[in-house]
Amino acid sequence: MLDIKVLRENPDAARAGAVKKHMPDRAAAVDRALALDAELRAMTPRIDAMRSEQKAGGKKLGKLNPEEREAFLQTQKELKARLSVLDDEEKQLKHNLAEQLGLIPNIPDPEVPDGKDDSQNVLVREVGTVREFDFKVRPHYDIGEAQGWLDFTRAAAMAGSRNYILFGDLVLLHDAVLRFAVDLLVERGFVPIEPPLLVRDAAMFGTGFFPGGEEQTYRCEKDGLNLIGTSEVPVTSLHSGEILSEKDLPKKYVARSACFRREAGTYGKDTRGLYRVHQFHKVEQVIVDIASKERSLEHHESIVQNAEALLQACELPYRVVNVCGGDLGVPQAMKYDIETWMPSRDSYSETHSASRFYDYQSRRLNIRYRPEGGKPLFCHTLNNTVAASPRILIPLLENHQNADGTINVPERLRQYLGGREVLGKPVF
RNA sequence: GGAGAGGUGGCAGAGUGGCCGAAUGCACCGCCUUGCUAAGGCGACGUACCUUCACGGGUACCGGGGGUUCGAAUCCCCCCCUCUCCGCCA
């Protein structure tokens, strides 16, 4: 949610922002919101004055003698009738305004490149060397199925497409990388969290996934709850409605959770393997801090570095890209994606997504803090992936494969695998 | 799932139709007094919106939403949450 005051002063920025994000329908919400706001502002003083009159009249009425009372009661009733019409109008206006405000996307920062989709993201840096193989490189699903680590057929039979079953050492590797991700962040001062996986609409709205993301969300209609697509949702919502002390900020959290995504509208895209699946596990870092752009920028770099540290520890080549306007989501002001080299895709593909929001989410979630001796302000929030698995298993299996189908374990992960250096048996 | 109790300001806790945006205590902040591992006195002390150059004034908010009433923290309805007991259960 944008600050209505900022919107009044500079509606062009909000409109241009929505256009840069290739969301023309949401750009139109700016003008609808401003019109409603003007109407509401015109009405408020009038309605307040009437309420004041009604209140004063009511108090007076209690002290009148019976005959005066009867006449005055009529006056009060008429006032009430007029007021209740305006009351309803005001309620409706407020509701409509909130609805339109909720549609307006966050304004992308100036350094966000123009572009319509991920093909126009801009390279920031490339780290690590893509390995030269002296044998035929196999995709992760061939290795996994040959090793008996992966079964897509039975998964589809019991759960539908875009599902998978992990077995044996791959389960252990999956767990190893996730646990390593948590440990890495705890070491860096993040507080680990085990969050709810089912959340109310307010949390989905507050983080900016609703409205708009309903189609991507599994919903338990009976209970009015939604399965999270990322723990960003419950973790960012943690302090919703609170006024935090400045001395307690920043809050740094790391959560491991299962994540669920319907992937509606992606039929025929990334159909093979572990790349795009309905259910996965993700270790996510979330920061809540004071309203300082400078601090947000610092945090943003640091959470990217945290993710890079994991990829480096896993000995995986990757690149960082600056995500273009058309590939940005509604609530983000700026986003870096990290793409890891995946031989079977012959490309760097997205494994991490680091976003800053400024106060966009905290306005929706009503997360504030009290600066030293001042009025409460809305916090800034940020988040980034640390590791998402099984997607991260793709580069792990493919980049570290041997000709016989065994997998070399990166040194830093070995402690999570009983010290083993190699997984699997020769199968090719 | 059944029965009951309850949700009030940072915390505790009073308030059952107008004198209540709300007693009192604690905490926090400012000033004064005093003095030494402290205490006492005085004052200020919620959030948001509108208005005023300013002092100030107005409105809304007592879990959320609706209703009754001239008037609701207080009465009624729905929802959410917490606690106790029973049932069921990973």
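Each chain gets a letter, A, B and so on, in the order the sequences are listed, and its residues count up from 1.
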Distance to the ring centre below 6.0 angstrom and angle to the axis at most 45 degrees; does that hold for A:R364 and A:F205? yes

Less than 6.0 angstrom from the centroid, inside 45 degrees of the normal: does A:R345 satisfy that with respect to the ring of A:Y275? yes

Can you tell me the distance, in whole Å, between the [atom1] atom of [X] and the [atom2] atom of [N]?
X      : N      : atom1 : atom2 : value
A:M50  : B:rC70 : CE    : C1'   : 14 Å
A:Q74  : B:rC70 : CD    : C1'   : 10 Å
A:L40  : B:rA48 : CG    : P     : 18 Å
A:H239 : B:rG10 : NE2   : C1'   : 16 Å
A:L83  : B:rG71 : CG    : P     : 9 Å
A:L101 : B:rC49 : CG    : P     : 13 Å
A:K80  : B:rG67 : NZ    : P     : 10 Å
A:H95  : B:rG65 : NE2   : C1'   : 12 Å

When the nearest nucleotide of RNA chain B is assigned to A:L73 and to A:T44 on a heavy-atom basis, which residue is associated with the more 5' position? A:T44

Both A:D88 and A:P376 contact RNA chain B. Which one's nearest nucleotide lies toward the 5' end? A:P376

For a quick check of understanding: with a heavy-atom distance under 4.0 Å over all strands, which category does [X] fall into, base, sugar-phosphate or nothing?
X     : answer
A:K77 : sugar-phosphate
A:Q54 : sugar-phosphate
A:K94 : nothing

What's the gap between [N] and [M] when it is taken at their [atom1] atoms, as a whole Å value?
N      : M      : atom1 : value
B:rC55 : B:rU82 : C1'   : 45 Å
B:rG9  : B:rG25 : C1'   : 14 Å
B:rG56 : B:rC62 : P     : 26 Å
B:rU24 : B:rA14 : C1'   : 7 Å
B:rG10 : B:rA5  : P     : 28 Å
B:rU51 : B:rC11 : C1'   : 34 Å
B:rA73 : B:rG63 : P     : 10 Å

Donor-acceptor pair, side chain of A:N163 and main chain of A:S161, under 3.5 angstrom: yes

Looking at A:D117 and A:D327, would you say the former's side chain and the latter's main chain have a donor-acceptor pair under 3.5 Å? no

Does [N] have OP1 or OP2 sitting under 4.0 Å from an N or O in the side chain of [X]?
X     : N      : result
A:K59 : B:rG18 : no
A:R51 : B:rC50 : no
A:K60 : B:rC70 : no
A:K55 : B:rG58 : no

Find the partner of [N]: check Watson-Crick (N1-N3 plus N6-O4 or O6-N4) and G-U wobble (N1-O2, O6-N3) distances, both under 3.5 Å, and reply none if neither fits.
N      : value
B:rU69 : none
B:rA12 : B:rU24
B:rU34 : none
B:rC88 : none
B:rC55 : none
B:rC29 : B:rG43
B:rC62 : none
B:rU74 : none

Please check if the distance between the ring centroids of A:Y336 and A:H300 is under 6.0 Å. yes

In terms of side-chain heavy atoms of [X], which of [options] is nearest?
X      : options                : result
A:R41  : B:rC70, B:rC50, B:rG66 : B:rC50
A:R368 : B:rA48, B:rG58, B:rG66 : B:rA48
A:S52  : B:rU59, B:rC70, B:rC50 : B:rU59
A:R370 : B:rG46, B:rC80, B:rC70 : B:rG46

Given A:Q361 and A:T381, is the side chain to side chain donor-acceptor pair (under 3.5 Å) satisfied, shown in steps? CA-CA 7 Å; A:Q361 290 184 321; A:T381 62; 2.7 Å; yes

Does the side chain of A:H281 come under 3.5 Å of the side chain of A:S389 through a donor N or O and an acceptor N or O? no

Heavy atoms only: give me the nearest A:P196-A:P234 pair and the separation to one decimal. O-CG, 3.4 Å

